[in-house]
Amino acid sequence: MNTLVKSLASLLAGVLAFAVVGVAVTELLAPYVWPSAMLGLPAGLVAGTVAVPLTYLGLTVLNERRETGRATARTRRRLRTLAGATAGFLVVGGLAMGVLWTQAVGLAAAMLFVGFPAGLLGAAVAGYLAFRRSPVDHRPPESAV
């Protein structure tokens with residue numbers, strides 16, 4: 001599968017994830033939060049942003065497994081980094097949002113002004129740590145496959 005096909009499929013998956021998550025969160029929170037789109041659109045944006053590289057790397061792994069029987073170390077490292085960054089975003093952003101939300105601040109303000117920026121910082125740190133903790137770093141260069 002060539003890069004253009006994987007890129008287009010990834011973009012389509014990202015747009016679909018954005019639409020589905022954005023609409024679902026907006027509609028589920030509509031009775032409780034006004035304006036609920038203030039929470040649905042950022043949630044959809046995060047879901048779409050994660051879906052693009054996840055789909056691309058997933059298709060790359062499938063393609064490499066079909067050709068050689070296993071994914072390369074580079075692809076496995078990229079997946080590990082993406083998983084670490086996603087987990088860091090969700091954990092740090094969720095905790096920051098939860099802590100602020102317990103104060104006299106609304107859910108939308110907690111999510112947008114503290115949860116999202118803290119989640120980005122958590123994603124950067126966790127992604128870097130996942131990248132650096134790769135077992136590939138501990139092998140000689142000739143066995144990095």
inquiry  = In the structure I gave you, are the side-chain heavy atoms of Val25 and Leu28 within less than 4.5 Å of one another anywhere?
reply    = no
ask   = Mind checking whether Met97 and Val46 sit in one hydrophobic cluster, side chains of I, L, V, M, F, W, Y counted as touching below 4.5 Å?
value = no
CZ-CG distance between Arg74 and Leu79, expressed to the nearest 0.5 angstrom = 12.5 Å
query = Just by distance, do the side chain of Glu64 and the backbone of Arg70 share a donor-acceptor pair under 3.5 Å?
reply = no
key: Backbone of Phe131 reached by a side-chain donor or acceptor of Arg77 within 3.5 Å   = yes
ask   = When you look at Leu57 and Leu82, which way does the side-chain contact (heavy atoms from CB on, under 4.5 Å) test go after all the steps?
value = CA-CA 9 Å; Leu57 288 173; Leu82 177 64; 4.1 Å; yes
note = OG1 (Thr75) and CZ (Arg80) are apart, to the nearest 0.5 Å, by 11.0 Å
inquiry  = How close do Ala51 and Gly14 get, counting heavy atoms only, and between which atoms?
reply    = CB-CA, 4.0 Å
task = Calculate, to the nearest 0.5 Å, the distance between atoms CZ and OG1 belonging to Arg76 and Thr81 respectively.
result = 12.5 Å
query = Counting only N and O atoms by type, is there a donor-acceptor contact under 3.5 Å from the side chain of Thr86 to the main-chain atoms of Ala83?
reply = no
message = Test of understanding: clusters of I, L, V, M, F, W, Y form through side-chain heavy atoms closer than 4.5 Å, transitively. Do Leu45 and Leu112 belong to the same one?
response = no
task = Can you measure from CG (Asn63) to CG (Asn2) and round to the nearest 0.5 angstrom?
result = 9.5 Å
Non-hydrogen atoms of Ala126 and Gly84 that approach each other most closely = CB-O, 3.1 Å
query = How long is the span from the OG1 atom in Thr3 to the CG atom in Leu8, to the nearest 0.5 Å?
reply = 11.0 Å
ask   = Thr60 side chain to Tyr56 main-chain N or O, any donor-acceptor pair under 3.5 Å?
value = yes
query = How far apart are the C-alpha atoms of Phe18 and Leu41, what are their side-chain angles, what is the distance that settles it, and do they pass the side-chain contact (heavy atoms from CB on, under 4.5 Å) test?
reply = CA-CA 8 Å; Phe18 168 74; Leu41 292 176; 4.1 Å; yes
key: Check: Ser10 main-chain N/O paired with Thr55 side-chain donor or acceptor under 3.5 Å   = no
ask   = Taking side chain as C-beta onward, heavy atoms only, is Pro42 less than 4.5 Å from Met111?
value = yes
message = Taking Met38 as the starting point, is it possible to reach Phe116 by hopping between hydrophobic residues whose side chains are less than 4.5 Å apart?
response = no
inquiry  = When you group the ILVMFWY residues by side-chain heavy-atom contacts below 4.5 Å and let the links chain together, are Tyr32 and Val21 in the same group?
reply    = yes
